[in-house]
Structure formats: C-alpha cells, structure tokens
Amino acid sequence: MTSVAPARRRFYFSQRAVHLLFLVLPVLLFVTFFIYPIISTFYLSLQDWDGISKSMKFIGMANYVELLHEPRFFHAVLNNVTWLIFLLLGPTGLGLLLAAILDRGLRGERVFRIVYFLPFTIPAVAVAAIWRWVYEPTSGLLTTVLNVVGLGSLAQNWLGDPHVVNFALMGAVMWWMTGFSFLVFFAGLRNIPVECIEAARIEGATPWQIFWKVSFPLLWPSTIVVLGISAVDAMRLFDVVWATTNGGPAYASEVLATQMYDVAFGRFDMGRASAISVYLLILAGAVIMPYLYYMSLRVQASEAE
Amino acid sequence: MATRVSAGRVSAYFIAIVVAVIFLAPLVVATLTAFKSPREITQVLSFPTQLYLDNFVVAANQMGRSFLNSLAITIPAVIFSVVLGAIGGYPLAYMRGGSSRWIYFFLLTGMLVPFQIVQIPLFIFIRTIGLYDTIPGMWLTHTAYSVPFCTFFMRNFFASVPRSMYEAALIEGCGPFGYFWRLLLPASTSGLSALAIIQSRYIWNDLLFGITLTNGDEAQPATVAIAGFVSGVQVQYGPLMAATLVSVVPVMAAYLIFQKSFVRGLLGGAGK
Amino acid sequence: MWKVGSIALGVAMLAGVGGAYAQSTTAEVWNYYAAGSELAGMTALIDQANAANPDTKFVSKVIPGNVVEMRRQLQTAFIGNKPPAAYQTSMASELKTFVDGGRLHPLTDVWAKIDGDKIFPEGIQRVAKINGVPYGLPFDLAEINNIFYNKAIFAKLGLTPPTDWDGFVKTCDALRTAGIEPLGDAGGPFWSLYNFYAPLISTVGTDGYYKIARGELAFDSPEFRKALELYRDTEVKCYAKNWSGKSWTQTADDLINGKVGMYGMGVWVAGYMKQAGFKPDTGYDTFPAPGTGDKAIFQMDLFAVPEGTPEMIKAGEEFVTTVASAKAQEAFATNKGSISPSTEVDPSVYDVDFAKFATQLATASKANAVLPNLFFLLPTDVGTELGNQIEKFAIDPSDATEHDVISTLEAARQKAMADNAYTSW
C-alpha cells in the first residue's frame, strides 16, 4: 500500500498536467481573440465617437444612461427576450420531435433526414429572399396557400405589420434553424446504447414510455447543447433579421444586435453602439450563465450515478 | 398493444410528412426561381416555361474562384476547430474541481460576444501578423472564434461517455493522453461528426469575417459573391437562387458524409 | 492518417497562397455594385480607368450591401490604415462626416483639371462640395420624384396622368373603383420618405425644403404638420393594401402585372421593369409627382478619395479623373441604366425613358430646381430617423402616430442642433 500511494499521486499529478496542457491552446486563442475585443468595446462605450474621426471624447457612462431613457432600446430588449423564449421552445421542440420520430426507423428515413436539415445549410441572405416570397402579403406562397385551403381570412401583412412581423420572422427562423437541433438530438439518440432501449422494450414499455423514461434522460448532454446554443442565438440574433427587414418596419422587428449595427453605422455613433453591445453582453450573461451553471451541475450529477 | 403501436406509427409518418412538405415548399419556390428568366420572376409562384440556365452561368461567373476559396477555407478550418474543440473539451469534461469549471465558464463567455464588435481589433491583429487577405488568416480566425462553441459542444459530448471507461483505461496503464487519442476520440465519432457538420455550415456561410479579412480573388469566400446579388439597389433573384442552390451542395455533402457515423450502439458494450 | 492528411493539405495551401500573396501595386476601388447592370456599369468604369492609366492597376472590391455596409468597411480600413484608393459614396452629409473626420482628400486639383464647375450643374456641385471644396466626384444620378404608371390600365380606364393633388386623388379613386390598387409603395425607411417629398414641397416649397435641411424649420411647425396631412390625404390614402410587407421589386412586379396602377419610385425601377420585359413605350410611362412638375429631386452616387499614402492618393485622383470624362460617364449611365450628372454627356445616348429623365434634369437645372435627396442633406441620424418615422406614419396615419412622429423628429432635430450637426447646403 505505502509504495503504491506516491506512484498514484504522481500519476494523478501527471494526469492533471496533461489536462492543463490540453487547455493551453484554446485559452490562448480565446484571450487573443475575445478578451481584447471585449475590453476595447467597453473602452469605446465610454466615448463619444462617430467611428470615422481620428479623435474621440470621453463622456463616462453617458451612453449607458441615455440608452436607459430610450423606448427604442427597451423595445429591442423585449424583442430579444421574446426571441429567447421562442428559440428555447420552438426549433428545439420541433427538432426533438423530428429526431424522436425518425429514430423509430421510418421508411424513407434518409430522405426525411436530408429534408429536415436542408434549410439549415442556406445562407442568411438567401433565407431572407426566399421568405420575402413566402411572406409576400397578397400573392406570396403563404397567403396563396391559405386562400386555397379556405383560410384566406388568416392571411396577414406578414412583414409589413409591426404587430405581426416578429412572429413572421420566427416562422422563417424555425424553418432555418430546426435542422440544428434535429441534428444534435438525432446524433444524441443514435449514441444511446441499444441495450438500454431493448431492456425497456422487453419489460413491455411503449415507445412513448421508452422515449421519456429511457432516451430523453440520456439525451441531457445534447439538450444542454441545443438549449445553450438557442439561448446564445437569441441574444446574438442578427443576420436573418437584418437581411429580411433591417429591423423594420419602423424598428418593430429590431433586436439589440441590429440596433447596435444601425446605431454604429447607420447613425455614426460608435460609442452608443458599443454601450448597446455591452448591455447585450450583460443581458446574455445574466440569462445564459445561470442556466449553463445549473446544467453543468446536472451533468456531473448524472455522471456520478 | 399492436393497434396502439401502429397508430403511433401512422401519426409518426403523418407528422414526418407534413413537416417535410412545409420544409420543402419554400425550397421549391427557390428552385423554380433559379430556373426562371427575369421576365418570369415577376410571377413568384409560376412554373418556368423553359429551363433558363443563364442564372447559373451568371452565378458561376460571379462566384468564380471564390467557390474554391470557400472550400480551401472551410475544409481545414472545420478540421482545426473540431480537433481544438475536442482538445479543449476533454480536460473540461474529466478534470475535477473548481478550476476546470472556471476555465469552462471563462471560455463560454465567448459565445455571448456578438461578432460585429470584434471586427476592428480582429482586423488590426490579422494585418499585424501578416495574414490579411490570406486563406490561413481565415483558418486562424474561424478556429479561434469557434473555440467557445466547439469546446462547449465536445465537453458535453464527452460528458455522455461513461466515466467508467476512463477509470478502466487509466487502471490498465493507459495515460490520459493515450486515453484521449486511442479510446475517447474513436468512441466519439458521432459527436465529432455532428460538430463537423455544424462547423462546415457555419464556416461555409460566414459573411462577416470574409468581408472584413479578405479583399480580392485570392481569399474571398463565395458568400461575399452571393451577398453581392442583393447589393446596391437592385436584387438579382435568379442568379441569387442559382448561387444558393450551388452553395448548399458542399454543406449537404459534408452532412451526408459525416452523418454516416451516427450509428446506434457505438458505445454499445460500455452502456451505463 | 487524418491528421497527417490535413497537415499536408494545410502546408500545400500555405504554399499556394503565399505564392499568390506577392505585393503588387494595385489600387482598390470599393463599391457596392456587385451584380447585374450595376456591375456592368462599374466594370466599364474600372476598364476605362485601367486603359487610361497603364501604370496603375485598378481593381474593384465589392462591399455587398449599401452605404451602411460601406461605412463599416471603411471604418475598419481607416483604423487599420489601409483605405482604398477610391470608394463609392453618397452626397452631402455622407461626405461631410468623412471630411470632418479628416479622412478624405480634397479633389481641388482634379476638379480644376476636369473643369468640374462647368460640367456639373450647380445643384449637383452643392452636394459634392463641403465648405466649397470638392470631395466627391459624381457619376450616378437617379430622380426620385417620378410616378410610374401602367399604360394599359390608364388607357382602359381613360385616365390621363394627373398634374395636381386633386387630380391625383381622383385618379386613385377611379383605379380603386375599377378594382385596381391605386398606388404602390414598399417597406423600408426610404420609399415612403421619397414619396413624401412631393407633398412636402407642395406645402413648404423649395425654400422650406432647404430650411428643413438646415434645421431652420421645426418638425413641430404648422407647415410640417400640414405636409404630413397632405401626404395622408393623398398618397397614403392611395397606397395599395399591404404595401408595407413588400420589397420594392415586389411592388414593381405588381405594377408590371397590373395589380397596382401607379408606383412612386426612383428611376432605377425602369431598369428592373425593362429587364422583366415591361417596356417604356408600351408598358409604362411616368409623370412627375404633383407639385414637383418642374423639379428634379435626385439621389446620387459619387467617388471619394481617402487620405492615404501618396501613391494611393495619386491612383485615386487618376481614377476619379477618368470617371469625370464624358466617355466614362456615358459608359456607366448606359450600362447601368442611370443618368450622368455631367452636362457633357450627349442626351442622345439614352434610351427613350432615360432621355426623358435626362431632359427633366436639364430643365430643372435651368430653373434652378434640382433638389438633392433630403435624407442626405440632413445630419445622418436626423435623416435616418425621418425615413423611419415617415414609414411609421404611412403604415398608421392616425393622429396618435402623427403626434409621436412629430415629437420624435423634433427631439432628433433639437439634439442635432445642440451638437451643431446641421449644415447650410
């Protein structure tokens, strides 16, 4: 015993050293490419600067204070929160449903797999153009289909009505992003050992029970990834909104990232735009960090079993 | 019991097909548009009267070398970022104690940074090290900005690999490095593949870094050319959709190649 | 194996890229004309500049998007000290921001050489110069105060182009009675604003237009309110159902397909319609929006030369000198489908409707009634806010919205006044 212990300790020491060695490169890249830009953004947020001049003026927290008096800013915050709720539930739920259905081994599974993933591969500018046709309010795809099936009265001015535009954009994003959660869940399901499912089936569990009692708990790591990324996407949401509506009509579909972009380059106010990104970072941190922390505890707990 | 199962299967087929139709409908419109002449494009839902291939010619001329640049950027950048994600995710999944969690959160904050705000420091940095307008510059950038996501993804994937495998390996005299290389990576192909697919899509479709860090034929990715179809005041819908159809192909190829490794029971015997 | 392969691939690519990355004396010309006829126009300019200046190799770098994307790229380039030799920009305030920032090279020498004061009309010079110094070289002009109409529909209903607002509203009523949406418009901060200029000028006149541009006429003044209400009672009333959910090309499709009778849009829409086979002589015609009959309100693109290394400035000056030539101006206008701001371009080069637009510009120019787009005369954030607020008002022209719109705009004006952001154009 006594001779084993130091060897063991040395062994664990080297194990830790190897682990830390593995982290050197990622952490180095992270510090170079993330920390410095964040610090410089914070610095800019304290300035009055149009982004073009060679000089800037230090104005302290004025940008932060003024934003708190702008209805436009809070409208964008509210939109981000709405997107957060939507992205956590919508594409995630549909992706899980589709993955669960396909995992049962349907005929034509390959084709379904391709179809569900296809939209996810399309660049944002093209997504915007395609959905501009779908949402054309009088002769677009959606309005036409509704008319054909006799639901014409449900047709809306999809992208032109300030009260509808956010939901319309969510529809487009659902189409675009579900492929991601589908993929992760499907990979996760396929990674669940056959024995677990077989054992449950032999015990007479229905597919429904097998899914919720056996598969779903084993999908936790996948779920964490999907929910975490959905939350991040909701905060960083930019390209599809910008390409489809530019945040319009009249700011109705604006989110913080598009507002930041508009303030920075549409209005020449880099200082204010930087303050928006710092707020965005804080908001994202407040929303996402507790979740990630909680989830990582859960994973460790389930490992320890 | 039997009827319930078949009822379940029927509804499964029903949902699968309905969703598939909804997913395909906008793509049908896009595909039809790619084959329409400008004259026909004014009628969005009509069928093209003949196969008008000029849009593809225009798209090909416009994209030119940028399509190859995109391949040259994407393939290595995907490999680097996935490998780096595995390298970072491994210790974070296996290390015990507070320090690993702190590093983990430290890295995760990166996911919250909107990329629009990094571009000026990034541009200056990449120019300083002489990689502006080069393909390796794009590898470095994409790899670096993928660190938080890839680490997060792989850490969570590794966490689903039973820890008993790790302990057993260590007892059998396999070091932590050997375990990573010989056991963990081969056992994680489905996670690595899923990540490779996601990264292919993300890097292939990147526009922001492409515009900021390249300026010409040498390194400019295809997305810049595609975005050009909605430039200025005019929008070239036909060529835009043709270019989109072409540009989707590589990501779909990556998807089809990598998804082969989503094989059930890869971890079979080692189940919990 | 995988790893070895990837490293080999990487090394091979490094080698290939390294070889291609040899420094060359090229001069970049940044622009956002990336496709279609816009690209054809830009290519013609670049080709002529290369032919005229054998020592410099001009290359076009496309910044996909518009002036906003261009600003973003320029900002990065300025801070990184690597600006292009020349770039496509807009007039007035857009130039002023960059001049105030010390980023633009004055084109005084070029201007003297090309005799800019002679070849460009006064109204155009005014927005190419900042404090009397030329900073932009105009090359691409489009009027935005014309209303396009579907000739077949007008013929069928026996309608003639209206000349005043009463006639305009009557035309709308006749179209609506016949089951045709009278007037097209599209979502976004520009199109409703451009339509609004006609009722605005009808109310406040050319002087009032410039007063707004200088910040002298308040947005909560009775005149501005009256202009909003005239807009509400005329064009807004006539707008097609769901107009705000359409892009400008979708509304152009509606005009082509006879779903709307009229469409107030910049003359670039003519290029789109011609490409779609809808011809000026048979398909559509134009009339000036009521109240702007003798005027030309225009939108214009210019090239600016940033401060930089002497070689780059020299290249930029060479480039804009070429662009100023009648040959280059003509090549761009005919390839792209726009009007040359230069009076040296022979009107006979244009096709039937651009000849008409060129005449409109020339006539207005003689009457000193060439008005630059107000959007770019105003300080940038006031102009952008005006575009957004007018769109908001056009979507919901209620009294409550009117109140909101006026107070938001007036607040923006006050702030810009306090910041000394207005200019006397």
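Sequence lines set the chain letters: A, B, ... in the order given, protein chains first and strands last, and positions in each chain run from 1.
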Shorter than 4.5 Å, heavy atoms on both sides: which option in A:A264, A:P249, A:A243 has the most such pairs with chain C?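 Ranked by contacts with chain C, first place is A:P249.
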Hey, which of A:A250, A:A252, A:P137, A:G51 has the most heavy atom pairs under 4.5 Å with chain C?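 Highest number of heavy-atom pairs under 4.5 Å: A:P137.
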Restricting to pairs with a member in residues 33-45 of chain A, which pass salt bridge (charged side-chain N to carboxylate O under 4.0 Å, His left out), not counting sequence neighbours?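 Every pair satisfying salt bridge (charged side-chain N to carboxylate O under 4.0 Å, His left out) with a residue in residues 33-45 of chain A: there are none.
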Quick one: are [X] and [Y] in side-chain contact, heavy atoms under 4.5 Å?
| X | Y | answer |
| --- | --- | --- |
| A:F74 | A:L67 | no |
| A:V255 | A:F238 | no |
| C:L386 | C:F375 | no |
| A:F73 | A:Y279 | yes |
| A:W83 | A:V173 | yes |

Take atom CZ in A:F58; do more than 12 heavy atoms of anything else shown fall under 6.0 Å from it?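 Correct, the count exceeds 12.
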Short donor-acceptor separations (under 3.5 Å), chain A to chain C:
{"residue": "A:G51", "atom": "O", "partner": "C:Q75", "partner atom": "NE2", "Å": "3.2"}
{"residue": "A:I52", "atom": "O", "partner": "C:R103", "partner atom": "NE", "Å": "2.6"}
{"residue": "A:I52", "atom": "O", "partner": "C:R103", "partner atom": "NH2", "Å": "3.1"}
{"residue": "A:K54", "atom": "NZ", "partner": "C:G102", "partner atom": "O", "Å": "3.1"}
{"residue": "A:R132", "atom": "O", "partner": "C:Q250", "partner atom": "NE2", "Å": "2.9"}
{"residue": "A:R132", "atom": "NH1", "partner": "C:G245", "partner atom": "O", "Å": "3.3"}
{"residue": "A:E136", "atom": "OE2", "partner": "C:K246", "partner atom": "NZ", "Å": "2.8"}
{"residue": "A:T138", "atom": "OG1", "partner": "C:K246", "partner atom": "NZ", "Å": "2.7"}
{"residue": "A:N157", "atom": "OD1", "partner": "C:G245", "partner atom": "N", "Å": "3.2"}
{"residue": "A:N157", "atom": "ND2", "partner": "C:S244", "partner atom": "OG", "Å": "2.9"}
{"residue": "A:G160", "atom": "O", "partner": "C:S244", "partner atom": "OG", "Å": "2.8"}
{"residue": "A:A250", "atom": "N", "partner": "C:E391", "partner atom": "OE1", "Å": "3.2"}
{"residue": "A:Y251", "atom": "OH", "partner": "C:E385", "partner atom": "OE1", "Å": "3.0"}
{"residue": "A:Y251", "atom": "OH", "partner": "C:E385", "partner atom": "OE2", "Å": "2.8"}
{"residue": "A:Y251", "atom": "OH", "partner": "C:N388", "partner atom": "ND2", "Å": "3.4"}
{"residue": "A:Y261", "atom": "OH", "partner": "C:E69", "partner atom": "OE2", "Å": "3.1"}
{"residue": "A:Y261", "atom": "OH", "partner": "C:R72", "partner atom": "NE", "Å": "2.5"}
{"residue": "A:F265", "atom": "O", "partner": "C:R71", "partner atom": "NH1", "Å": "2.5"}
{"residue": "A:G266", "atom": "O", "partner": "C:R71", "partner atom": "NH1", "Å": "3.3"}
{"residue": "A:R267", "atom": "NH1", "partner": "C:E385", "partner atom": "OE1", "Å": "3.3"}

C:L74 versus chain A, the contacting section by heavy-atom distance below 4.5 Å: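 Contact with chain A involves no heavy atom of C:L74 at all.
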